[in-house]
Amino acid sequence: MNERVCWSAAEARHDFPASQDRLAAHAVRYGYEHTIEIRRRLDDAGVAVEDVAGVAELTPIPILAKDDLPDLQTGSPPFGGMLAVPVSELRRVYRSPGGITDPEGREDDYWRVAPALWAAGFRPGQVVLNTLSYHLTPGGHLLDAGLRAVGCVVIPGGVGNSAEQVETAVHTAATGYTGTPQFLETLVERALEARGEQPFERALVTGGPLFPPVRDRLENEHGVDVHVAYGTADAGILGYECDRKDGWHVSPRVVVEVVAPGTGRPAAAGEPGEVVVTSANSTYPLVRFGTGDLSALNDAPCGCGRTTPRLTGFLGRVGEGVKVRGMFVHPRQLASVLNAHPGISAYRGVVTTDGRDDVLTVSIEISGREVIDAAALATALRDAVRVRLDVEVVEPGTVPDDGPRLVDARGHA
């Protein structure tokens with residue numbers, strides 16, 4: 001049977017718990033033998049490799065938080081001792097927002113995107129417009145590799161220039177879309193305004209929340225069959241929707257725990273917690289890698305026949321980073337620009353939505369008679385975070401003295 005046809009069938013008859021135990025034990029053993037970071041973390045915690053026989057024995061191992069990667073990589077560049085192969089054996093190296101360096105190994109479909117695309121109905125020969133960025137960050141290549149593994153024809157659209165992307169999609173008879181849900185709606189509306197019809201029949205969206213009103217408009221008003229995939233640049237695709245669209249099936253090729261924040265222990269069934277990943281990736285193995293994302297696990301059987309549990313969706317963040325327009329923004333990126341201006345006495349970034357697009361607004365307070373060029377400051381911040389934003393000068397006392405410097409106020413219902 002063709003591997004593409006096997007993706008859903010193999011998962012439907014998958015002996016998930018047993019294979020997860022084998023995967024957890026292998027990931028710990030391989031990571032200990034091949035990486036400095038995992039070996040140091042296990043040794044410091046007094047965890048012996050031979051004692052990890054399955055998922056349950058992962059609990060004593062401390063979690064490595066995604067927000068700790070910039071400092072780890074700065075102390076031991078370029079990958080903080082996490083790489084299991086020489087840099088010369090990589091296919092590509094990326095620089096993600098927040099100062100995180102990400103590797104791409106030489107395996108086909110390195111980030112395991114193809115099963116998510118297959119579950120979403122993408123098939124060989126379909127022309128697909130891929131709109132995540134190909135510049136420095138891995139998003140564009142991540143989806144591109146999965147599409148090519150399925151056998152699709154890829155238009156490497158990248159970000160921006162919506163008019164030309166619509167024109168190209170129509171000219172090449174593209175019917176598929178991959179990228180953020182917000183940009184999909186922008187392209188659909190642009191096509192309808194210019195042509196009275198839009199080309200896309202199906203989409204795999206990632207990189208940002210798919211709010212129910214947006215999904216309703218795309219599916220019920222515009223006829224796009226939309227599926228969600230969830231993952232990170234570090235760990236690849238972790239979950240994706242089947243045709244039932246009732247949660248994200250966990251990829252059988254990684255171990256996903258949902259952990260009560262601050263405890264390191266698995267959350268109770270159905271309870272929200274941090275998504276923690278263990279992966280036996282031969283290039284970049286991960287052991288208890290904390291994504292900073294909050295979700296919950298649903299073990300109930302799915303009508304599609306897959307036996308993997310499902311993540312119930314994105315419930316917020318534990319870490320400081322906030323995803324905006326498909327890119328992670330970290331408070332330290334704001335600080336790197338704003339702390340250079342002694343006249344700025346306080347600041348806070350707030351992410352909201354206008355119903356379609358993410359909106360990042362940075363509020364600043366100015367002390368004394370300092371004069372700040374808000375437009376120039378906005379340009380410097382945009383260069384730092386690689387996301388469009390607005391800067392507003394507010395009255396002293398407006399910005400709270402405590403709390404996070406970057407707030408996600410979009411809601412994720």
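In this chain, numbering begins with 1 at the start of the sequence shown. In what follows, every heavy atom counts, from backbone to side chain, and hydrogens, waters and symmetry copies are set aside.
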Legend entry - Verdict with supporting geometry, S162 and R190, side chain to side chain donor-acceptor pair (under 3.5 Å): CA-CA 7 Å; S162 57; R190 170 78 68 153; 3.2 Å; yes
Legend entry - Centroid-centroid distance, W248 to Y240, less than 6.0 Å: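 Not close enough - the centres of the two rings lie 6.0 Å or further apart.
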Legend entry - Beyond-backbone contact of Y110 with T283, side-chain heavy atoms, under 4.5 angstrom: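 Answer yes - side chains close enough.
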Inset, instruction - With the side chain counted from C-beta on, respond yes when Y94 and P103 share a heavy-atom pair under 4.5 Å apart, and no when they do not. - result: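 Sidechains of P103 and Y94: no contact.
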Please tabulate, for side-chain N and O atoms in residues 135-146, each donor-acceptor pair with protein atoms closer than 3.5 Å (sequence neighbours left out).
residue, atom, partner, partner atom, Å
D144, OD1, R148, NE, 2.6
D144, OD2, Y134, OH, 2.6

Between the side chains of [X] and [Y], does any donor sit under 3.5 Å from an acceptor?
X: R95; Y: T101; result: yes
X: Y177; Y: N130; result: no
X: R348; Y: S363; result: no
X: Y230; Y: D293; result: yes
X: T312; Y: N298; result: no
X: Q126; Y: T175; result: yes

Legend entry - Shortest non-hydrogen separation from L334 to R405 and the atoms involved: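 The pair with the smallest heavy-atom distance is CD1-O, 4.2 Å.
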Inset, instruction - Determine the sole option in V166, V128, L184 for which the side-chain contact (heavy atoms from CB on, under 4.5 Å) test with F200 is passed. - result: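 With F200 as partner, side-chain contact (heavy atoms from CB on, under 4.5 Å) holds for just one option, L184.
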Inset, instruction - Considering only NZ, NE, NH1 and NH2 on the basic side and carboxylate oxygens on the acidic side, decide whether E107 and R91 come within less than 4.0 Å. - result: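 The answer is no: the pair does not qualify as a salt bridge.
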Legend entry - Whether Y30 and H26 hold their rings parallel, tilted or perpendicular, with breakpoints at 30° and 60°: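 Tilted.
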